[in-house]
Asker: 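Before I ask anything, let me first share the structure, which is written out below as structure tokens.
Just so you know, residue 1 is the first one in the sequence shown, and it goes up from there.
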Amino acid sequence: MTRPLRLRLLLRDLSIAAAFASMAVSGQVPLWAFGLVLVAVLMGVLGRRPFARYPRLTAALLVPLAGVLYLAVASGQMDLVVAACSFAGLVAAQRVLSESSPATDGQVLLAGLLMIAGGAALSGELLFAVCLLTFAVLASLSLGLAVVEAAVPVGEPVPVRAVMRPLGRGTFVAMLGAMAFFILIPRLNWNVGVRRASPGLGTATSGFSDTVRLGGSGTLKSNPRVVLRARLSPDPGTEQLSSYWVGRTYDTFDGLEWSTIGASTKRHRTRVTLRPGADNQVYQRIELLPAYGSRTLIALETPAKLGNALTHTALGDRRTQLQELGGDELRFVEEGLGYSYEVYSVPPGTDTDPGRMNQQETDQLLALPDNLDPRMEELARRVVGDEKDPLAAAQKLSAWLQREYEYTLELSGDVADPLRDFLFVRKAGHCEHFATALTLMLRTQGFEARLATGFFGGERVGDEYLVRAGDAHAWTHVLVPGRGFVTVDATPPAFRANQSLQLIETMISLYESVEALWRKAVVDYSFRDQLDFVRSMSRPPRDASGQPRPSSSLPPLRAWVTAAGVALAIYGLVRALSQRRARRPAQEATRLVDAVERLLARAGLPPREGETLEDVSARLSGEAHPLAPVLAAITRRYLEARFGQRPLQSGESARLLAQLRRALDDGRPTARAS
């Protein structure tokens, strides 16, 4: 048995890796399936095929794996589409590790196509597009080489260099088809019934949950993913904002976790007023990007009104409503890929109403956990002294914490009492430790306070500000009579902004920009957008007031220009196709074969029943016939012209036939004797 072409198998295995990656970028494929497929592809790339001796036994192993996936779906632990995608990856892995054959190769590439369809259903974003194009290129080259390899006589080398150029043209066509596939699939919305993952690099934040557990590794602080874009009016005009973006607040601490006793309202509204406004409010048009991964609205402190919200979905944008939860949290009712909305916030330093709070919520601002270390009260009293003003006391405690304690993200393992560990043992922690310590120390001295979470900072890019996942932050709200809640931050100032590397931050920003452009121009460019574009092209010109001009009964100039461009493009395509048909390379190659077979028949070497020219060439090569070298060269050239899109040049058929006639004349006695 002839060994398969190594390059072809390498391209095939790498195409499977790209197809599986198109699903894996969604972040929904289970890790064990990811690991199995990764190992299989690596072994395939290294030329190891351990399943070649036991193809049926190893294929039987897929049955229990299918059963495991079925149970996971039936128990609700796995989505049906995710399970199907995982199984397609396992089938491809088993085939990659088996002996190569036409049937195996076809099954591998079919599994690759299924995984691409699965990737479109699970993600369909920019990284999926990269994987799709990679699969299209590698799979097309592998298929083309397989056709050439099958057509070359046994023992003859595969003309890889000669066919790569025509294969490259075919691959370019495959890429165009892949692009059309990618653009059409999200618009047709195959993923309507599937919960789509966050696109691109996945969700960057863990969202705003109902509780915050004190401690943890703090890896979020170094994440440079952009989660929020905002336009502000009036424009601050600074490169770096020193602003707090609040998401929600917490009033109850049990020693380990923060929560809130505030109950959510069942009302869904398009506009919510949290507190009376003020003069010179700060207007914000905010977009929460898919990497944000939560439905909680974010706004500059102290938000007064929020509304005009849009949900960005695979079907386009639509108006959505908001729900008010405890802790001043507002959450989008509908789930989407991203959101945009408007906010008016009270200017910093303005006295504000604390908002709607009942007696239980007010009392909770002084509540302490049952297991609070008694040393904390003594420590707070020693720092605060006889200070009676809550804001002055908070500032004293904040300055003391910043001076006496260190900031660190290196926290490993859970401890029974994280606050005690921070204050009396480790004396180092991140923003949650500093904010929790300040809040509870204030309460021990009779000052009302609560914990707030959100983001701090903002980097100016163009005319808007970007907030990254690494800007996530926690701080303290101290209630000051007559002024409302005032922000006091105990975290050392140098550690409030995100601490990711500048180079990584720049690269991520570039990726985020390309992904946002791609999502806006391609993925989210829905059928409705297409219709709106066509209508805008044919709409008559309007005057400054927006009314159609009376004299413009005909379509505007842009419509005529667009129509002319489309007509030229169609004309060029038709002309190119008609010229391509005129070449008729296949017919020329077929005529060459007919002429060769007639010459062979006259020389007493007619093809046997069912033999092709490749079969005749292989038979003569096996018999060491003197005509074999010339016939092998003609056969190889015929295959290139017939299947490799390398047509015969003018007069080339005549030269090849002349070479065959000379060979026949030179070996006529031998030929007749055979």
Asker: Mind checking the CG-CG spacing from L631 to L605? Nearest 0.5 Å is all I need.
Answerer: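 One finds 9.0 Å between CG of L631 and CG of L605.
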
Asker: Could you name each residue pair satisfying salt bridge (Lys or Arg N to Asp or Glu O under 4.0 Å) that touches residues 7-34, not counting sequence neighbours?
Answerer: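 Every salt bridge (Lys or Arg N to Asp or Glu O under 4.0 Å) pair that includes a residue of residues 7-34, provided the two are not neighbours, is R8-D105, R8-E149, R12-D105, D13-R49.
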
Asker: Got more than 12 heavy atoms from elsewhere within 6.0 Å of CG, L31?
Answerer: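 12 or below, so no.
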
Asker: Taking side chain to side chain contact (heavy atoms under 4.5 Å, CB included) as the test, write out the residues that go with L110, two or more places apart.
Answerer: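 Checked L110 against side chain to side chain contact (heavy atoms under 4.5 Å, CB included); zero matches.
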
Asker: How far does CD1 of I116 sit from SG of C131, to the nearest 0.5 angstrom?
Answerer: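 Output value for this atom pair is 7.0 Å.
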
Asker: Would you please test E287 and Y339 for side-chain contact (heavy atoms from CB on, under 4.5 Å) and show each step?
Answerer: CA-CA 6 Å; E287 180 183 7; Y339 307 93; over 6 Å; no

Asker: To the nearest 0.5 Å, how far apart are OG in S142 and CG in L9?
Answerer: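 Reported value, rounded in 0.5 Å steps: 7.0 Å.
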
Asker: Are side-chain heavy atoms of L657 and V596 found at a separation under 4.5 Å?
Answerer: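 Yes - at least one pair of side-chain heavy atoms lies under 4.5 Å apart.
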
Asker: If I take atom CD from residue E597 and atom OG1 from residue T612, how far apart are they, to the nearest 0.5 angstrom?
Answerer: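 OG1 of T612 is found 8.5 Å from CD of E597.
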
Asker: How about L109 and S15: do any of their side-chain heavy atoms sit closer than 4.5 Å?
Answerer: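 A side-chain contact exists here, since the closest heavy-atom pair is under 4.5 Å.
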
Asker: Taking NZ, NE, NH1 and NH2 as the nitrogens, is one of them in R468 or E459 under 4.0 Å from a carboxylate oxygen of the other?
Answerer: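 Yes, this pair counts.
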
Asker: Quick one: side chain to side chain contact (heavy atoms under 4.5 Å, CB included) partners of L14, sequence neighbours excluded?
Answerer: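 Side chain to side chain contact (heavy atoms under 4.5 Å, CB included) list for L14, sorted by chain: L10, V45, L138.
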
Asker: Taking S617 for its side chain and L613 for its backbone only, find out whether a donor-acceptor pair lies under 3.5 Å.
Answerer: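 A pair under 3.5 Å: no.
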
Asker: Please report the interatomic distance CG(L97) to OH(Y54), rounded to the nearest 0.5 Å.
Answerer: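 It is 14.5 Å, given to the nearest 0.5 Å.
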
Asker: side-chain contact (heavy atoms from CB on, under 4.5 Å) between Y638 and E614: does it pass, once the steps are laid out?
Answerer: CA-CA 10 Å; Y638 155 70; E614 302 96 287; 4.2 Å; yes

Asker: Sort out for me which residue in V29, L38, V41 forms a side-chain contact (heavy atoms from CB on, under 4.5 Å) with F20.
Answerer: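 Looking at V29, L38, V41, the match for F20 under the side-chain contact (heavy atoms from CB on, under 4.5 Å) is V29.
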
Asker: What I want to find out is whether R655 reaches E652 closely enough, with some N-O distance under 4.0 Å, to be called a salt bridge.
Answerer: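 Looking at E652 together with R655, the answer is no, because their closest N to O distance does not fall below 4.0 Å.
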
